[in-house]
Amino acid sequence: MFEQAGPLNLNKDMDESRQGEVFFQEAPVRDGHQRSFYIESYGCQMNFSDSEIVASILGEVGFQPTREMETADLILVNTCSIREKAEETVRKRLQVFNKQKRQRPDLMIGVLGCMAERLKAKFLEEEKLVDMVVGPDAYRDLPKLLANAEEGEKGVNVFLSREETYADISPLRLDSNGVTAFISIMRGCDNMCSFCVVPYTRGRERSRNAFSIVSEAQDLFDRGYREVTLLGQNVDSYKWENPETKEVVNFAQLLEMTALVHPDLRIRFSTSHPKDITDEVLYTMARYENICNYIHLPVQSGNSRILELMNRTYDREWYMDRVRAIYRIIPDCAISSDIITGFCTETEEEHQESLSMIEFANYSMSYMFAYSERPGTPAAKKYADDVPEEVKKRRLDEVIRLQTQIAYRHNKADIGKTFKVLIEGDSKRSELEFKGRNSQNKMIVFPKKPGLRPGDYVMIRITEATSATLRGKIETGD
Ligand code: SAH
Ligand code: SF4
Ligand code: F3S
């Protein structure tokens, strides 16, 4: 579920009519001045989704989102700790924000998210110009921390909760195309993958009220959205008990409940864990046309010994069995993955098994990383980070090269096929073209036709493919 690391540019894709939804809300004005906040998000989709909860909480106390860092009263950065590089990126951005603060001492700066949680009060010592350090479960406390910061009092709240799911908060959609949205269905993670910092930065796993999820999906559909992605670190372990009836909703049932909101609302989800994804989930996907035929199923390594050291709790055979089950139950399903190269003690032969897994699983794409030791994780405590940096990088290059070839082969096989595509907006390159995705999550670019708009479904016949994109034409039926 790791996505891009980059600034969240507010509303850059919105048309004028939608911008109004975000910018022109009634809000208290202070000293004749409408207060605003500027936010950048890094890391996974979960962080981007959290920023929308933060935006909603700040809206309640009169802060409106802005794209202009230079005029904002408050700058927030929602941070990621997953790899060392993610933290370095944030430090660099803080230098830019600090420069602003030196010019405008009234400006407030807040650090949110996983790095805030990992470093806690230490952050205030290291970064003298930061006013607030707020962990992922403490966003309701932002108004109070802000009020204190305005009085010159710095604040830290990194309390991790066993219950907080922000279920009652209606996220303020940032950077939205008006067609696709994230819905957070659970928080935290109870797996203890030895390389991973997430259990420490996000706390214990907890599932959100199923009815609040369904009503958020319904609300999005009513406002014109046509695709929702259900988010969690391990969606397959979603489990919510209705406090009144004591009935338990599992992930397969939640998928079905959201699919029933409307046949024109597409459902996606991320991330699945190979140890937990059940046949019941796969059969539910097969039963509903609007549950997309795409599964992000991170393997991390193709070798059983490394998987054990990683504490992934499955081995190569188990993973291969899950892949076979997916292709058996949902024949046109696309599978993608996350792969780490150069984990502690990984040998050349073991690395070869990651390569052969890419081939076996026929991934449509993967996110690929060189292992980065994270302080405090079980791997950092127990194993030596003994694969030289250049070997990690070389293995990473090999993994990327093979995955690019497999993705190209995967995409080439689509030439001549026709897919139902949900239009998301203009293509990056041209206003004369639309972009959208098929059920398998592949981006498809095609020439526009009058009358079609983002949010519409259209049948596209594929004519060209690269390793990253498909191109096609609207199917006219003749
Ligand atoms: N919950 C998801 C992963 C979230 S983190 C899952 O279980 O798959 C996203 C990805 O970052 C992971 O899948 C992993 O491939 C990568 N990652 C996590 N920790 C890492 C580390 N220490 N070094 C390199 N990559 C890491
Ligand atoms: Fe990290 Fe593993 Fe949890 Fe994913 S499942 S967030 S990799 S501990
Ligand atoms: Fe996500 Fe990074 Fe935190 S990947 S959960 S933002 S450490």
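Count residues from 1 along the sequence. These numbers come from the heavy atoms of this one structure, side chains and all, not from hydrogens, waters or symmetry mates. Everything quoted here is computed from the prediction, not taken from an experiment. Read the numbers this way: they start at 1 and go in the same order the structure lists the ligands and their atoms.
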Colleague: Below 4.0 Å from any atom of ligand 1, is there a heavy atom belonging to V198?
Modeller: no
Colleague: For ligand 3, is there an atom lying under 4.0 Å from some heavy atom of M115?
Modeller: no
Colleague: Check for me whether R202 has a heavy atom closer than 4.0 Å to any atom of ligand 3.
Modeller: yes
Colleague: Examine the proximity of ligand 1 to R83 and report which part, side chain or backbone, both or neither, has a heavy atom under 4.0 Å away.
Modeller: side chain
Colleague: Please list, in number order, the atoms of ligand 2 under 4.0 Å from a heavy atom of C189.
Modeller: 3 (Fe), 5 (S), 6 (S), 8 (S)
Colleague: Do any nitrogen or oxygen atoms of T271 come within less than 3.5 Å of a nitrogen or oxygen of ligand 1?
Modeller: no
Colleague: Which ligand 2 atoms does P199 reach within 4.0 Å, using its non-hydrogen atoms?
Modeller: 8 (S)
Colleague: Considering only protein heavy atoms, which is closest to atom 1 (Fe) of ligand 2, and at what distance to one decimal place?
Modeller: C196 SG, 2.3 Å
Colleague: Quick check: does C114 put an N/O/S atom under 2.8 Å from atom 1 (Fe) of ligand 3?
Modeller: no
Colleague: Say whether N234, considering both its backbone and side-chain N or O atoms, lies within less than 3.5 Å of an N or O atom on ligand 1.
Modeller: no
Colleague: Check each atom of ligand 1 against the heavy atoms of A370 and keep those under 4.0 Å away; list them by number with element.
Modeller: 24 (C)
Colleague: Suppose I only count heavy atoms of R374 and a 4.0 Å limit; which atoms of ligand 1 are within that range?
Modeller: 22 (N)
Colleague: Can you figure out which of D276, D338, L297 has its heavy atom closest to atom 12 (C) of ligand 1?
Modeller: D338
Colleague: For H273 and ligand 1, does the shortest N/O to N/O distance drop below 3.5 Å?
Modeller: no
